[in-house]
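To keep things clear, I will list the structure first and then write my remarks on it.
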Number of protein chains: 2
Amino acid sequence: MKVLNKETDYAVRSLISLGMKPEGWVSAKVISEEQSIPYQFLRRILQELIRNGLVLSKEGAGGGVKLGKEPDEIGVTDVIEIFQGKVQVSECMFRKKICSNRANCVLRHEIMRIERLVNQEFSKVTIGKLIADLKAVESMRSQQTKQPD
Amino acid sequence: MKVLNKETDYAVRSLISLGMKPEGWVSAKVISEEQSIPYQFLRRILQELIRNGLVLSKEGAGGGVKLGKEPDEIGVTDVIEIFQGKVQVSECMFRKKICSNRANCVLRHEIMRIERLVNQEFSKVTIGKLIADLKAVESMRSQQTKQPD
DNA sequence: TTAACTGATACTAAATTGGTATCAGAAAAA
DNA sequence: TTTTTCTGATACCAATTTAGTATCAGTTAA
Ligand code: FES
Ligand code: FES
């Protein structure tokens, strides 16, 4: 069971990529090459991110995209919601015979508790946090390579 | 984003159904009608549950299936794993360029933490617990209906 | 005026999902 | 002993989703 699909995956990676760039517009082509994401696929993904305000765009030569929000304000949940819809465990797991009153159904509460939990955890993981973690790893790694093995 | 698919959904409902039956073998036909699950589809699902030891079966007239374990020993995770594979957030979210050392990758840790969490939460929800909750709801409901509104 | 961009959208192959159909064999019951 | 009720195994199917491609139009900078 794969929770994140390619669109979400590529989107998050693009956002990280953009968040690590100093300033100015970055073209889809550059991101595509940098992250080995199929160009046309990426284009479509970026357009979706643009429509949802996560990134801004500028047309024409010298144009491209850049983050539309602070890295810390973009949670993985936001991206998931755009490409995969709201996380929901099950439409309604025990309908009909078994579960007659949806309103105050204990089972449903159980399910929805997990849903909330998953959402919470995913929103904690922001693009900003991912970038910070990444940089930490990078510096650790460069420290390591100074020591020959 | 639907976390549980029909197979898992139907499987859990069948298991609950079996767990609430007193004793003896229950035929697929009965479960199918009781839970409004397409018969042939259910057959395939039950066979999978049988292969995985969650339910036992007996061939021939008067045969059928019954739980192969205590209701409390069957977690929803077990069912998910059978029909949808192990919960994994993403194969490896930041490969290639971005993430060069998988071994001690902080991001990967982050992702895997969520994976563990989701798994934990789902294993807490056992068939036994679901049945107990259901019975609680049922009795609450019958209490309510004694009071006219 | 041309090259480097995005906007919009149509198309496709392959995989997955949800469901159906069939045939064989076991056991109980008639 | 034949028929009925059941599971075992497996092949098939249509619809949807996923991942990716292709095209054309319009914008901006050089
Ligand atoms: S689970 Fe759907 S109403 Fe109880
Ligand atoms: S996320 Fe895959 S190695 Fe870091």
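Sequence lines set the chain letters: A, B, ... in the order given, protein chains first and strands last, and positions in each chain run from 1. Everything numeric in this text was worked out from a predicted model, so none of it was measured.
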Tell me, do B/V76 and B/S123 make a side-chain contact under 4.5 Å, heavy atoms counted?
no

Side-chain heavy atoms of A/E34 within contact of A/S17, under 4.5 Å
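They are in contact (side-chain heavy atoms under 4.5 Å apart), so the answer is yes.
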
Phosphate contact (C/dG19 OP1 or OP2) by B/Y10 side-chain N/O below 4.0 Å:
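For B/Y10, the contact criterion (side-chain N or O under 4.0 Å from OP1 or OP2 of C/dG19) is met.
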
Of the options D/dA19, D/dT21, C/dG18, whose atoms approach the side-chain atoms of A/P38 most closely?
D/dT21

Which nucleotide in C/dG18, C/dA3, D/dG20 has an atom nearest any side-chain atom of A/A61
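Nearest nucleotide to the side chain: C/dA3.
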
Kindly indicate, with the supporting measurements, whether the criterion side-chain contact (heavy atoms from CB on, under 4.5 Å) is fulfilled by A/T126 and A/K129.
CA-CA 5 Å; A/T126 66; A/K129 184 164 176 26; 3.5 Å; yes

d([atom1], [X]; [atom2], [N]) in whole Å:
{"X": "B/W25", "N": "D/dC6", "atom1": "CH2", "atom2": "P", "value": "14 Å"}
{"X": "B/L4", "N": "C/dT17", "atom1": "CG", "atom2": "P", "value": "12 Å"}
{"X": "A/L49", "N": "C/dG7", "atom1": "CG", "atom2": "C1'", "value": "15 Å"}
{"X": "B/F83", "N": "C/dT16", "atom1": "CZ", "atom2": "P", "value": "17 Å"}
{"X": "B/L42", "N": "C/dA21", "atom1": "CG", "atom2": "P", "value": "16 Å"}
{"X": "A/E48", "N": "D/dG20", "atom1": "CD", "atom2": "C1'", "value": "16 Å"}
{"X": "A/I31", "N": "C/dC5", "atom1": "CD1", "atom2": "P", "value": "11 Å"}
{"X": "A/N5", "N": "C/dT16", "atom1": "CG", "atom2": "P", "value": "13 Å"}

Could you tell me whether the side chain of A/R43 and the main chain of A/A28 form a donor-acceptor pair under 3.5 Å?
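Checked: no pair found.
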
Are B/Q84 and B/T8 close enough that a side-chain donor and a side-chain acceptor fall under 3.5 Å?
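Present: a donor and an acceptor within the cut-off.
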
B/K66: which residues meet the salt bridge (Lys or Arg N to Asp or Glu O under 4.0 Å) condition with it, sequence neighbours left out?
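Residues passing salt bridge (Lys or Arg N to Asp or Glu O under 4.0 Å) with B/K66: none at all.
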
Which protein N or O atoms sit under 3.5 Å from an N or O of nucleotides 7-14 of chain D?
{"from": "D/dT7", "atom 1": "OP1", "to": "B/A28", "atom 2": "N", "distance (Å)": "3.1"}
{"from": "D/dT7", "atom 1": "O3'", "to": "B/S57", "atom 2": "OG", "distance (Å)": "3.3"}
{"from": "D/dG8", "atom 1": "OP1", "to": "B/S57", "atom 2": "OG", "distance (Å)": "2.8"}
{"from": "D/dG8", "atom 1": "N7", "to": "B/R43", "atom 2": "NH2", "distance (Å)": "2.7"}
{"from": "D/dA9", "atom 1": "N7", "to": "B/Q47", "atom 2": "OE1", "distance (Å)": "3.3"}
{"from": "D/dA9", "atom 1": "N7", "to": "B/Q47", "atom 2": "NE2", "distance (Å)": "3.2"}

First of B/Q84 and A/V30 reached from the 5' end of DNA chain C, by closest nucleotide:
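Result of the comparison: A/V30.
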
Residues in side chain to side chain donor-acceptor pair (under 3.5 Å) with B/Q40, at least two apart?
none

